Amino acid sequence: MKIIVCEDYDEVSLRASEIISKGIKEKKDIKLGLATGSTPQGVYQNLIKMFKRGELDFSSVSAYNLDEYYPIRKDDNQSYAYFMKDKLFSHINIKPENIHIPSGEAKEPAKECEKYDSALECAGGVDIQILGLGINGHIGFNEPADELIANTHLTPLTESTINANSRFFESIDDVPKFAITMGVGSILSAKSILLLVTGKNKHKALMATLKGTLSTSTPASVLALHKNVTVICDKEAYYGDAV
């Protein structure tokens with residue numbers, strides 16, 4: 001893994017957006033794997049600024065999101081479909097038909113998972129996959145467990161993830177208890193991966209990820225199997241209390 005330690009969140013966001021911008025300029029029809037949550041928001045803000053300055057063209061770009069809550073309506077303001085529209089898609093010239101997000105409204109989630117994997121396979125995998133890192137070491141919604149699932153699947157959320165995400169909802173009872181997520185195999189099919197990590201509360205999970213020991217208790221540790229992973233983190237995440 002290549003590790004880039006930055007001063008703060010803003011620098012993490014800038015370095016990641018520079019890499020993505022370079023990828024778009026080199027390959028107009030690039031396929032981006034996108035993540036939600038607070039970590040990538042700075043990256044999306046930078047990409048929007050670049051687009052508005054005329055530096056980037058998203059008209060041929062395709063986007064594949066990591067996950068979506070289940071069940072949830074796509075117009076729910078806490079859905080990841082809504083998040084991506086609000087934080088990125090409505091501000092750039094990406095075509096609606098090039099946006100791919102697992103459906104939280106699917107009546108048969110198993111079939112939705114198969115459909116999503118087929119779309120990823122037909123696309124040949126994504127070129128750049130953006131990942132955040134959960135406090136418990138999850139990537140996407142691949143949570144610590146006895147086993148990790150390779151393909152896109154419906155998964156129950158752990159108590160720690162529900163608690164962490166409850167800040168986005170009026171009540172913890174409103175947080176969906178399941179999600180559709182790309183599996184670790186789907187993530188590892190990406191040609192390159194950007195793992196973005198910020199904050200002291202992610203230090204333990206980051207160190208377990210970088211340790212080089214594969215463990216289902218730290219799902220992100222599977223990234224050691226990939227040949228092109230760049231970890232972009234701030235000093236607090238990398239050094240923890242030593243900062």
Side-chain angles (χ1 to χ4, degrees), residues 1-20 33-46 65-67 69 80 83 87 128-149 155-169 172 175 179 181-184 187-188 190 192-243:
M1 293 184 186
K2 179 181 180 181
I3 303 172
I4 301 173
V5 181
C6 301
E7 187 66 32
D8 53 23
Y9 176 84
D10 288 342
E11 187 181 352
V12 169
S13 300
L14 179 61
R15 296 295 294 271
S17 58
E18 288 174 342
I19 291 171
I20 296 166
L34 303 181
T36 52
S38 56
T39 302
Q41 286 191 46
V43 177
Y44 299 152
Q45 289 169 5
N46 288 337
N65 258 72
L66 265 175
D67 43 34
Y69 286 124
Y80 288 164
F83 176 99
K87 304 300 183 184
I128 301 176
Q129 176 66 62
I130 301 170
L131 296 176
L133 181 65
I135 294 174
N136 62 3
H138 75 245
I139 47 175
F141 276 120
N142 294 282
E143 302 276 13
D146 292 334
E147 299 177 335
L148 295 177
I149 299 174
T155 184
L157 305 186
T158 63
E159 183 178 352
S160 65
T161 296
I162 291 171
N163 288 334
N165 290 356
S166 64
R167 67 188 188 276
F168 301 117
F169 293 80
I172 193 170
V175 183
T181 183
M182 284 190 199
V184 292
I187 292 170
L188 292 175
S192 65
I193 294 173
L194 295 180
L195 179 66
L196 312 181
V197 192
T198 61
K200 288 182 181 180
N201 63 337
K202 301 291 182 70
H203 173 70
K204 184 177 179 180
L206 178 58
M207 292 302 102
T209 299
L210 299 178
K211 188 177 180 181
T213 302
L214 301 182
S215 171
T216 59
S217 62
T218 304
S221 65
V222 302
L223 298 178
L225 298 172
H226 199 283
K227 295 181 180 179
N228 190 5
V229 176
T230 300
V231 178
I232 308 178
C233 59
D234 63 8
K235 287 183 176 179
E236 288 192 343
Y238 191 77
Y239 296 108
D241 291 331
V243 174

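Note that the structure is a prediction, hence the values are computed from the model and not measured. As a basis for the values below, the full set of heavy atoms in this structure was taken, side chains included, without hydrogen atoms, waters or symmetry mates.
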Using only atom types and a distance under 3.5 Å, with no angle test, would you say the side chain of Thr209 pairs donor to acceptor with the backbone of Ala205? yes
Minimal non-hydrogen separation, Met1 against Ala224, with atom names: CE-N, 3.6 Å
Minimum side-chain heavy-atom gap Val197-Leu195 below 4.5 Å: yes
Give me the atom names and distance for the closest heavy-atom approach of Gly183 to Asn142. CA-OD1, 3.6 Å
Between the side chain of Thr181 and the main-chain N/O of Phe141, is any donor-acceptor distance below 3.5 Å? yes
Does Glu159 offer a backbone N or O that forms a donor-acceptor pair with the side chain of Asn163 under 3.5 Å? yes
Which heavy-atom pair separates Ser166 from Ile172 by the least distance, and what is that distance? CB-CG1, 3.8 Å
With distance as the sole test, does His226 use its side chain to make a donor-acceptor pair with the main-chain N or O of Ala190 at under 3.5 Å? yes
Drop me the distance from Leu223's CG to Leu210's CG, to the nearest 0.5 angstrom. 9.5 Å
When rounded to the nearest 0.5 Å, the distance separating CD1 of Ile135 from OG of Ser160 is 7.5 Å
Do you know the tightest heavy-atom contact between Ser38 and Arg167? OG-NH2, 3.5 Å
Within this structure, what is the NZ-NE2 distance for the pair Lys235 and His203, rounded to the nearest 0.5 Å? 15.0 Å
If you measure only the distance, is there a donor-acceptor pair under 3.5 Å linking the side chains of Glu143 and Thr155? no
Say whether, by atom type as modelled, one donor and one acceptor occur between the side chain of Thr39 and the main chain of Gly132 under 3.5 angstrom. no
Distance (rounded to the nearest 0.5 Å) between His138 NE2 and Leu131 CG: 10.0 Å
Are the side chain of Asp67 and the backbone of Met182 linked by a donor-acceptor contact shorter than 3.5 Å? no
Given 3.5 Å as the limit, does a donor-acceptor pair link the side chain of Lys2 with the main chain of Val229, or not? no
Say you draw a straight line from CG of Leu14 to CD of Glu7; how long is it, rounded to the nearest 0.5 Å? 13.5 Å
Counting distance only, does the side-chain N/O of Asn46 pair as donor-acceptor with the main-chain N or O of Val43 below 3.5 Å? no
Do the side-chain N and O atoms of Thr198 and Asp234 include a donor-acceptor pair separated by under 3.5 angstrom? no
Roughly how far, to the nearest 0.5 Å, is the CG atom of Leu206 from the OH atom of Tyr239? 11.0 Å
Which heavy-atom pair separates Lys87 from Tyr44 by the least distance, and what is that distance? O-CB, 3.8 Å
Do the side chains of Ile232 and Cys6 get nearer than 4.5 Å, heavy atoms only? yes
Return yes if a side-chain donor-acceptor contact under 3.5 Å exists between Ser215 and Ser217, otherwise no. yes
Between Ile130, Ile187, Ile139, which is the residue that forms a side chain to side chain contact (heavy atoms under 4.5 Å, CB included) with Ile193? Ile187
What's the shortest heavy-atom distance between Asn136 and Thr158, and which atoms? ND2-OG1, 3.4 Å
Using the ring pair (Phe, Tyr, Trp, His ring centres under 6.0 Å) criterion, which residues pair with Tyr80? Sequence neighbours excluded. Tyr69
With a 3.5 Å distance limit and no angle check, can you tell me whether Thr218 reaches the backbone of Ala220 through a side-chain donor-acceptor pair? no
